[in-house]
Amino acid sequence: MIEGLEIAAEVWVLRTVETGRNTGVILGESGSTVVDPGAETEEINAVDRFMVDMESKVEAVAFTGNVDVLPFIAKWPEASAIPHSDLGIAHPAAPGWEMTPLNDTGRMGLYSKKSRIIFCGDMLRSDTIPNLKSGLDGYLEALDRIEALDIKVVVPLYGVEARGKREIKARIEQDRSYTLSLLRHVATARAANAPLERVLAVAEQVYEDYPHLQAHLRNIEYAWS
């Protein structure tokens with residue numbers, strides 16, 4: 001099931017209820033920009049139905065993460081595919097929106113200074129801990145850069161958006177606190193020459209009832225390497 005939510009004038013989120021995944025849609029005069037579309041058939045069909053309802057068409061597809069764009073080019077062959085690495089590109093269907101680097105290792109956001117909205121990809125989720133696969137230092141850098149922007153709405157790839165400076169700051173501080181705590185924990189364990197296997201086993205015992213245990217264990221492995 002897909003729910004549509006207008007988060008600002010001409011800016012929508014199509015959210016998959018079962019997974020919480022967000023597809024952004026920025027409506028324009030000649031067409032629309034779709035942001036981080038889901039690859040599932042239901043998600044793609046939801047975009048097509050939304051275009052019909054809004055009497056629009058997909059003119060550009062933007063990605064905040066490094067994904068295979070070919071399936072989306074095949075689905076919307078007349079649309080411009082905008083990879084996450086294209087900085088400052090002029091979006092044909094979304095004037096004023098630009099791909100903004102959030103760190104030096106590839107994290108991107110699609111940001112509108114006028115609307116003060118950012119689609120930030122896989123970070124700042126309200127329902128889980130950060131995914132630190134791309135690196136802890138890079139994640140902390142991305143948090144700093146988002147914090148420095150003038151933003152009133154943050155739209156993550158998954159989950160409910162954050163609205164207002166207080167809620168955005170709370171999410172940033174939550175993710176920063178977790179990441180720094182993990183860094184300290186791993187640094188202490190390595191200084192004590194504890195093997196990774198032992199650290200993971202202890203964490204699994206201590207956080208046995210933690211709802212995000214598996215994600216936390218993966219983050220320990222990412223931090224370790």
Just how far is it from atom [atom1] of [X] to atom [atom2] of [Y], taken to the nearest 0.5 Å?
| X | Y | atom1 | atom2 | answer |
| --- | --- | --- | --- | --- |
| L110 | I26 | CG | CD1 | 5.0 Å |
| L213 | E204 | CG | CD | 5.5 Å |
| S134 | D122 | OG | CG | 8.5 Å |
| D36 | C120 | CG | SG | 9.5 Å |
| E6 | W12 | CD | CH2 | 4.5 Å |
| Y111 | I151 | OH | CD1 | 5.5 Å |

Locate the shortest heavy-atom distance separating [X] from [Y]; write the atom from each residue and the value.
| X | Y | answer |
| --- | --- | --- |
| S115 | S112 | N-OG, 3.0 Å |
| E161 | L5 | OE2-CD2, 3.3 Å |
| F72 | G38 | CE2-O, 3.7 Å |
| E59 | S30 | OE1-OG, 2.8 Å |
| N219 | L132 | OD1-N, 3.0 Å |
| R107 | N131 | NH2-O, 3.2 Å |

Same cluster or not: are [X] and [Y] linked, directly or through other Ile, Leu, Val, Met, Phe, Trp or Tyr residues, by side-chain heavy atoms under 4.5 angstrom apart?
| X | Y | answer |
| --- | --- | --- |
| L149 | V35 | no |
| M99 | I146 | no |
| L14 | V160 | no |
| L157 | I117 | no |
| Y158 | V13 | no |

Treating [X] as the side-chain partner and [Y] as the backbone partner, does any N or O pair qualify as donor plus acceptor under 3.5 Å?
| X | Y | result |
| --- | --- | --- |
| E167 | G164 | no |
| R218 | K133 | no |
| S177 | E173 | no |
| N22 | G159 | yes |

Should [X] and [Y] count as side-chain neighbours, where that means a heavy-atom distance under 4.5 Å?
| X | Y | result |
| --- | --- | --- |
| I129 | L182 | no |
| V199 | H185 | yes |
| M108 | F63 | no |
| W76 | V47 | yes |
| E43 | I2 | yes |
| L200 | W224 | no |
| I118 | L102 | yes |
| M123 | I172 | no |

**Message:** I'd like to know if D48 and K75 make a salt bridge, using a cut-off of under 4.0 Å between side-chain N and carboxylate O.
**Reply:**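 So D48 pairs with K75 through a salt bridge.
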**Prompt:** Can you check side chain to side chain contact (heavy atoms under 4.5 Å, CB included) on V186 and E221, steps first, answer last?
**Reply:** CA-CA 9 Å; V186 169; E221 292 181 306; over 6 Å; no
**Asked** Within a radius of less than 6.0 Å around CZ of R116, do more than 12 heavy atoms belonging to other residues, nucleotides or ligands occur?
**Response**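 Enclosed.
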**Request:** Using a cut-off of 6.0 Å, state whether more than 12 heavy atoms not belonging to E18 lie near its atom CD.
**Result:**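 Yes, the 6.0 Å shell around CD holds more than 12 heavy atoms from other groups.
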**Prompt:** F50 pairs by side-chain contact (heavy atoms from CB on, under 4.5 Å) with which of V34, N45, L27?
**Reply:**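 The side-chain contact (heavy atoms from CB on, under 4.5 Å) with F50 is passed solely by L27 among V34, N45, L27.
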**Request:** Starting from the C-alpha separation in whole Å, work towards a yes-or-no answer on salt bridge (Lys or Arg N to Asp or Glu O under 4.0 Å) for E78 and K57.
**Result:** CA-CA 10 Å; E78 296 182 359; K57 64 180 181 179; 5.2 Å; no
**Prompt:** Does D53 have any side chain to side chain donor-acceptor pair (under 3.5 Å) partners at least two apart in sequence or in another chain, and if so, which?
**Reply:**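 Counting only residues at least two positions away or on another chain, D53 forms no side chain to side chain donor-acceptor pair (under 3.5 Å).
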**Item:** Distance-only polar pair, side chains of T16 and E42, donor-acceptor under 3.5 Å
**Value:**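 There is no such pair between these side chains.
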**Request:** Evaluate the ring planes of Y210 and H216, with Trp represented by its six-membered ring, and classify them as parallel (under 30°), tilted (30 to 60°) or perpendicular (over 60°).
**Result:**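 Y210 vs H216 ring planes: perpendicular.
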**Asked** Among D144, N103, D175, which residue meets the side chain to side chain donor-acceptor pair (under 3.5 Å) test with Y139?
**Response**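 Between Y139 and the candidates, side chain to side chain donor-acceptor pair (under 3.5 Å) is satisfied uniquely by D175.
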**Item:** Contacts of D127 that satisfy salt bridge (charged side-chain N to carboxylate O under 4.0 Å, His left out) - sequence neighbours left out
**Value:**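 So D127 forms a salt bridge (charged side-chain N to carboxylate O under 4.0 Å, His left out) with R125.
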